[in-house]
Asks: 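Structure provided below as structure tokens; questions to follow.
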There are 2 protein chains.
Amino acid sequence: MSPVQKTPTIYDVAREAGVSITTVSRALNKPDRVNPQTRARIMEVIDTLGFVPKAEARARAMRRNGRIGVITPFFTAPSFVQRLRGVASALAHEHYELVIYPVDSVEQLQGYLASIPIVGNLDGLIIMSLAIEDQDVRRLVENAMPAVLIEYLNQELHCIVIRDEQGGYMVGEYFLRKGHRCMGFIGDIEPPERYAIHPVRLRLQGFKSVLEQAGVPLSKEYIKQAPYTPEGSRQAAYELLTMDKRPTAIFAASDIQALSVMKVARQLGLKIPEDVALIGFDDIDMADYVDLTTVRQHLDESGRLAAELLLDHLKNPKPILQHITLPLTLIERATA
Amino acid sequence: MSPVQKTPTIYDVAREAGVSITTVSRALNKPDRVNPQTRARIMEVIDTLGFVPKAEARARAMRRNGRIGVITPFFTAPSFVQRLRGVASALAHEHYELVIYPVDSVEQLQGYLASIPIVGNLDGLIIMSLAIEDQDVRRLVENAMPAVLIEYLNQELHCIVIRDEQGGYMVGEYFLRKGHRCMGFIGDIEPPERYAIHPVRLRLQGFKSVLEQAGVPLSKEYIKQAPYTPEGSRQAAYELLTMDKRPTAIFAASDIQALSVMKVARQLGLKIPEDVALIGFDDIDMADYVDLTTVRQHLDESGRLAAELLLDHLKNPKPILQHITLPLTLIERATA
DNA sequence: TGCTAAAATGAAAGTGCTTTCATTATTCTT
DNA sequence: AAGAATAATGAAAGCACTTTCATTTTAGCA
């Protein structure tokens, strides 16, 4: 037989039927303007070739599945994955496709935000943990692209946030209640990228402020800036755990960094929580596996909610702007 | 001023912004290839004119949709996420969108496989860890939809696999070398769903066969069926760890289940590896954090490779079918 | 049989967009 | 300061179809 065909075009049909593309086009669009015999022959070829006009296929495709997009940095970090899981679960039964746009530079983010609302043929957009500028928001709004932000506030869009400062506060309180007087902090206070956001700074701020109120202020040496990478966190953890006057409790601004602390502590032969207490932030799945005490921010929930907000918005485009603040809970497990 | 009523085209934008249509097109599609100032001006015009590119013309001009799809079960399980990460990294610089189709029932899978090739708004498909039937493969092939399977073999499609049996074998050998004589196994031998695949069974088989050869056969009670859920794994781990004659070494068929074992052991006051040695399978990120000895199957790599295979296939549609077997390595850490 | 109107058809000119390739402007080396 | 590399841009050639308009074929009728 003939070699494998790419999807046939009108040209293929024309050649096969021995007519011009004009006639094929007409046979399809204005059947009465072409000789019945010719038309029959053309239709036959069309059937055997399985020709489908591209535009139609597209239109059909567009109608069947809606598409919602998620813009996220490092989408494989556990916390983002859990948010995504929430999004996916909400979308699953609604016949929506899930398109992911991983961001790793400002330019990329800007590029997405500029072109997505226009060419992206998306029905809605979820933007996770990214600082988005007013002009970009404006574009979204003007192009009537429903969007919801997670972890970032904006007056013109739906938002889902938590009180990061309060989270830090809770941890500080807890440590104090347990009698700790010398504490440390590890977190990515200074995200290198302009597009990233700074919830960590707020967590630290809350943490600091309770300690201050309690009269045991957190001094500089006990605050370790650690990039959100395994090596970075380990380095910071090592510095903190080998200090002359080692802190008796550590607040890691994310669970994944807390895990690094655990690893380093193990290597140094330090016991948790006996030698150092440890509290993380996020409550990713893994936290339960390793019995990490942590501040739960409902990650799955945030994603699910974002998706539902979007779906609602799509169903009845009544722009009742929602700003949702999810609660935080300190989950007490074995490390503090 | 003229009362222009027609929907604006790229030409209008270009004229208004004082650039060529080329530059407008680029501003939308490859933002980084045009001067930021120019881009800003163009975007402004686009906004005021309310320009929306016609999807049809667009699809026509670039004879690709720029979208590749990934079908995967539980895409939020760490191992899948890592594969996805690989896919995303390979796609990132090639300007392809990543569309995710999470599967949680046979019907859904069938539905996707039935409609995707027809609707044809994907350029390629990656199918992870799913058993796909011959008739579906046929449909993909006939509709010239490039596809690559991960963790499942099929003669007509690109495949990326590992030797699961060998993996089990390696673990058995290792335990034997360390002097263990009584071992246990935990894994999801019987996935409840028809569409799921059975690599775990092969891992068990390899494990069993070495032990047999060594004269210390693995008896039934030491093989625990555990669903791929936290509770399921914990239950199985508990049973295994509280047996009268507790095994001195356990092979968990996935890292995530190994983590459950670690947790249960901790609760029971058992030391790893002194009281029980433990080896997992996959080498997910987390394995390093908790110092889990495990069999590394290059997860990221598998995704990256799959994406690259696909991209190759798209660039030059010479159907040289590739069946790639990735190597396994036993990564020795602290648990065995 | 000759002449005209109607029917059937194809060449080629759009359509709105992307992409290749060549050109010009800018920045970097040495 | 000259030359090389790089960035920014536009002209023009597609892409898969539709439409216009000119041409050929056929049918109708005196």
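The figures here come from the full heavy-atom set of this structure, side chains too, leaving out hydrogens, waters and symmetry mates. Every chain is numbered from 1, with letters handed out A, B, ... down the list of sequences.
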Asks: Does a salt bridge link A/Arg139 with B/Asp47, judged by any charged N lying under 4.0 Å from a carboxylate O?
Replies: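 Salt bridge between A/Arg139 and B/Asp47, a charged N being under 4.0 Å from a carboxylate O: yes.
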Asks: Within this structure, what is the CG-to-P distance between A/Asp12 and D/dC15, rounded to whole angstrom?
Replies: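 It is 12 Å, rounded to the nearest whole Å.
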Asks: Under 4.0 Å, heavy atoms only, any strand: does B/Thr9 hit a base, just the sugar-phosphate, or nothing?
Replies: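 B/Thr9: backbone/sugar contact only, no base atoms under 4.0 Å.
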Asks: Quick test: give all pairs of protein nitrogen or oxygen and nucleotides 5-9 of chain D nitrogen or oxygen below 3.5 Å, distance rounded to 0.1 Å.
Replies:
{"from": "D/dT9", "atom 1": "OP1", "to": "B/Thr38", "atom 2": "OG1", "distance (Å)": "2.7"}
{"from": "D/dT9", "atom 1": "OP2", "to": "B/Asn35", "atom 2": "N", "distance (Å)": "3.1"}
{"from": "D/dT9", "atom 1": "OP2", "to": "B/Thr38", "atom 2": "OG1", "distance (Å)": "3.4"}

Asks: Is a salt bridge present between B/Glu44 and B/Arg39, judged by a nitrogen-to-oxygen distance below 4.0 Å?
Replies: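 No, B/Glu44 and B/Arg39 are not salt-bridged.
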Asks: Taking OP1 and OP2 of C/dT9, is either one under 4.0 Å from a side-chain nitrogen or oxygen of A/Thr22?
Replies: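 No, outside the criterion.
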Asks: Atom NZ of B/Lys30 to atom P of C/dC21: distance rounded to whole Å?
Replies: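 From B/Lys30 NZ to C/dC21 P: 12 Å.
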Asks: Is the closest basic N to carboxylate O distance between A/Glu133 and A/Arg138 below 4.0 Å?
Replies: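 Salt bridge absent between A/Glu133 and A/Arg138.
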Asks: Taking the basic N atoms (NZ, or NE/NH1/NH2) and the acidic carboxylate oxygens, is any pair closer than 4.0 Å for B/Arg85 and B/Asp285?
Replies: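 Yes.
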Asks: What is the separation between atom CD1 on B/Ile21 and atom P on D/dG14, rounded to the nearest whole Å?
Replies: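 Going from CD1 in B/Ile21 over to P in D/dG14 covers 15 Å.
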Asks: Which nucleotide wins on minimum distance to the side chain of B/Ile10, given the candidates D/dT20, D/dA16, C/dC17?
Replies: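 It is C/dC17.
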Asks: Are B/Glu301 and B/Arg83 ion-paired here, with the side-chain N under 4.0 Å from a carboxylate O?
Replies: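 No.
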Asks: Please tell me whether A/His158 and A/His313 form a close aromatic pair, meaning their ring centres lie under 6.0 Å apart.
Replies: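 Distance test on ring centres: under 6.0 Å, yes.
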Asks: Grab the CG-P distance between B/Asn29 and C/dG16 for me, whole Å please.
Replies: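 Spelled out: CG on B/Asn29 to P on C/dG16 is 17 Å.
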Asks: Rounding to a whole Å, what distance do you find between B/Ile46:CD1 and C/dG16:P?
Replies: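 Going from B/Ile46 (CD1) to C/dG16 (P), I get 16 Å.
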